[in-house]
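Heads up: the structure comes next, in structure tokens.
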Amino acid sequence: MVSGLTISERQRSMAVLIVLAVIGLVMAAAGANRADPMQAHGFLVLLFSLGVLCFVLNGYFEPEPSATRLTSYYDDPSKAGIVIAMLWAVFGMFIGDWVAWLLAFPDMTFDAAWSSFGRLRPAHTTGVIFGFGGNALIATSFHVMQRTSRARLPDQFSPWFVLIGYNLFCLLAVSGYFLGITQSKEYAEPEWYADIWLVIVWVTYLVLYLRTLARRKEPHIYVANWYYLAFILVVAILHVVNNLAVPASFAGAKSYSLFSGVQDAMTQWWYGHNAVAFFLTAGFLGMMYYYLPKRAGRPIYSYRMSIIGFWGITFFYMWAGSHHLHYTALPQWVQTLGMTFSVMLLVPSWIAAANALLTLNGAWDKVRDDATLRFMMMAAIFYGLSTFEGSFMAIRSVNALSHYTDWTIGHVHAGAMGWVALITFGSIYAVVPWLWKRERMYSPVLVEAHFWLALAGTLIYVFAMWNSGIIQGLMWRTYNDSGTLTYSFLDSMVAMHPYYVARAIGGLLFLIGAIVGCYNIWMTIRRPSGASALTDDALLPANLQPAE
Amino acid sequence: MDIAHHTLVAFAKSFGLFYLLAMAAVALLYACWPGNRSRFDKAARDIIEDEDKPWR
Ligand code: HEM
Ligand code: HEM
């Protein structure tokens, strides 16, 4: 991989890594001075940069890449990103399933502080959303932006900086939770220094994307890029605003938010909901609008609809965040505004889901035979389902029942497993053979197995949570004749137990599916390209004609 | 900086409404403009039949 960099790029990498190592050392020393947990993060930054530095040094004296490299796309960072995404998937889903078992059997923290519910849970959400989802988005965006612009990445250093820098952020985040470092803002838990680092990485990402687009062949920018760009741009804005904070000390991890009270809550859920919109939706729609038509071999059903949907999604989502704060100190009209926009959001959401399904209309035989395409089709269905559910839950009176219950968790995972993870697996199975120049995946049977494991796991998870959520919600609002609550909170906990066990089993199936996927991808990479890839197919006579 | 509650509401209900309508009109016009049709069709087709190498 280092051999793909020019000498000056190798030097630039080393310079950046040395600066980073020094920063790590300073953090470690400053933290040690005050016995602050920042010390551990200082060592993490130091070791991480030294590790990558060794890697660069190891390849430093290899010959420079020849100029012919410029006549092909630069895919090494995409390849690395996909492998890293799968590793995060296994980690994040393993922790998720642990949390699921923990909710059924509370002793499963094994009496350690680091493994308590409050620390494992954000390790799960960060691992799957930022680790798995984020790396998959970065890797596929590099792939898609080059193909749709017909332009090679402008240099070889920045994509690596983005990918490796982003993973340093993820590592700081997850290790921080285990150490007890958190801002206590959901999906924005990492502390100030990690946040600043992410800003640097993210701006580089945005600039890289724009530089690639600037070299494009056609004046018109293919719609998938709009979605990816919205993801990058809006996440930058959200991240900066929601993380405005004042560190208690530059030598310590703790910081205090610039906002307080209900303003803080509103900022957090403006961020939180738009993270759903622009991290978990827009970027993955970009994936869908490229890989689905490409895999199906059919242009998108309606390009117009994809544009109208784009503006609808980017504009409406911005206003929907307050539906997370129904019945709070937030002014009533702000809640109503959020509710109204959430209901309107159904229109652009269903435009996107319908566009995907209509593209496949007429190619159902391909969907039947090709599990990769089926992953994408199922993702579109779950996207339609979870956005319908979301618009419904955003209505204040419905939210009175659903809020605080497992119904929310069911909705989250219909979106996260059913939409985000399935579209990602589908896209990865499509792109891996293209990137590594293989005829197809190592084993189509294992792709098929993964599909059914993932689908079964999602359905079990979501149905368990719908049941338990509604039962929970109803139990909490049942009064007896004397006007007091019929059930204690503990009663509702007991009633949840079987559903929690079911959810954990569903999650286990989903996790096994991801592990199967890792094995399949690994074997595809290891299998030499060309000849041996053909062996199975070569047994068939060429030009098989249908019987007449 | 102290913005009264009713000022914000009035702003949202007046400017907000027209801003939204104008945005929607522009997006719809752009998407449905007949002259854009061939460009969109080409964009949709081009990703299917690409040559898998940069153009220059
Ligand atoms: C193996 C599959 C998975 C399992 C077993 C699992 C399990 C869990 C559990 C037990 C919780 C905590 C629920 C609670 O506090 O009551 C949770 C929360 C969450 N999970 Fe997962 N999960 C899985 C996959 C995913 C994926 C793939 C994503 C995202 C791409 C995801 C995103 C989230 C989010 C965002 C939350 C927080 C929800 C909220 O605060 O309302 N999960 N998950
Ligand atoms: C039209 C689209 C959508 C609307 C209107 C919507 C609406 C909602 C509502 C009303 C809640 C419950 C808030 C509460 O009671 O606290 C919620 C929670 C959530 N939704 Fe959606 N949703 C939509 C799509 C999605 C999608 C596609 C995903 C993604 C993967 C998603 C992920 C989440 C997450 C992670 C939460 C939990 C937030 C938390 O409390 O931690 N949503 N959504």
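A, B, ... follow the sequence lines: proteins, then strands. Residue 1 opens every chain. Computed from heavy atoms alone, side chains included, the values below leave out hydrogens, waters and symmetry copies.
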Q: Answer whether the closest heavy-atom distance between the side chains of A:Pro299 and B:Arg45 falls below 4.5 Å.
A: yes

Q) Among residues 326-338 of chain A, which ones touch chain B with a heavy-atom distance under 4.5 Å? A) A:Pro331, A:Trp333

Q.
I'd like to know which of A:Gln146, A:Arg152, A:Arg298, A:His220 tops the heavy-atom pair count under 4.5 Å against chain B.
A. A:His220

Q: Sequence neighbours left out, what passes salt bridge (Lys or Arg N to Asp or Glu O under 4.0 Å) with A:Arg295? Give chain and number order.
A: A:Asp370

Q: State, with a plain yes or no, whether a side-chain heavy atom of A:Phe316 is found less than 4.5 Å away from one of B:Leu20.
A: yes

Q) chain B heavy atoms under 4.5 Å from A:Phe315: which part of the residue, side chain, backbone, both or neither? A) side chain

Q.
What part of B:Ala24 gets within 4.5 angstrom of chain A, counting heavy atoms only: side chain, backbone, both, or neither?
A. neither

Q) Can you tell me if CH2 on A:Trp270 sees more than 12 non-hydrogen neighbours from other groups inside 6.0 Å? A) yes

Q | Interatomic distance, B:Lys53 atom NZ to A:Arg147 atom CZ [nearest 0.5 angstrom] | A | 12.5 Å

**Q.** Presence of salt bridge, B:Lys42 and A:Glu218, under 4.0 angstrom
**A.** yes

Q) Does OH in B:Tyr30 sit with more than 12 non-hydrogen atoms of other residues, nucleotides or ligands closer than 6.0 Å? A) yes

(Q) The criterion is salt bridge (Lys or Arg N to Asp or Glu O under 4.0 Å); which residues satisfy it with A:Arg211, sequence neighbours excluded? (A) A:Asp155

Q. Do you know which two heavy atoms are closest between A:Ile300 and B:Ala44, and how far apart they sit?
A. CG2-CB, 4.1 Å

(Q) For the CZ atom on B:Arg37, are there more than 12 heavy atoms of other groups (residues, nucleotides or ligands in this structure) within a distance under 6.0 Å? (A) no

Q) Closest approach of B:Phe40 and A:Arg304, non-hydrogen atoms and distance? A) CD1-CG, 4.3 Å

Q.
Working to the nearest 0.5 angstrom, can you tell me the gap between B:Trp55 CH2 and A:Lys217 NZ?
A. 7.5 Å

Q: State which residues pass side-chain hydrogen bond (donor to acceptor under 3.5 Å, both in side chains) with A:Tyr222; sequence neighbours excluded, sorted by chain then number.
A: none

**Q.** Contact class of A:Ser149 relative to chain B, heavy atoms under 4.5 angstrom
**A.** backbone

Q) Looking at A:Thr71, A:Ile221, A:Val144, which makes the most heavy-atom pairs under 4.5 Å with chain B? A) A:Thr71

Q. Mind checking whether B:Ile47 and A:Pro293 have side chains closer than 4.5 Å, heavy atoms only?
A. yes

Q: Test side-chain contact (heavy atoms from CB on, under 4.5 Å) on A:Tyr303 and B:Asn36 and set out the steps.
A: CA-CA 11 Å; A:Tyr303 198 81; B:Asn36 284 338; over 6 Å; no

(Q) Quick check: closest heavy atoms across B:Met23 and A:Trp311, and the distance to 0.1 Å? (A) CE-CE3, 4.4 Å

Q. Where on A:Tyr74 is there a heavy atom nearer than 4.5 Å to chain B: the side chain, the backbone, both, or neither?
A. neither

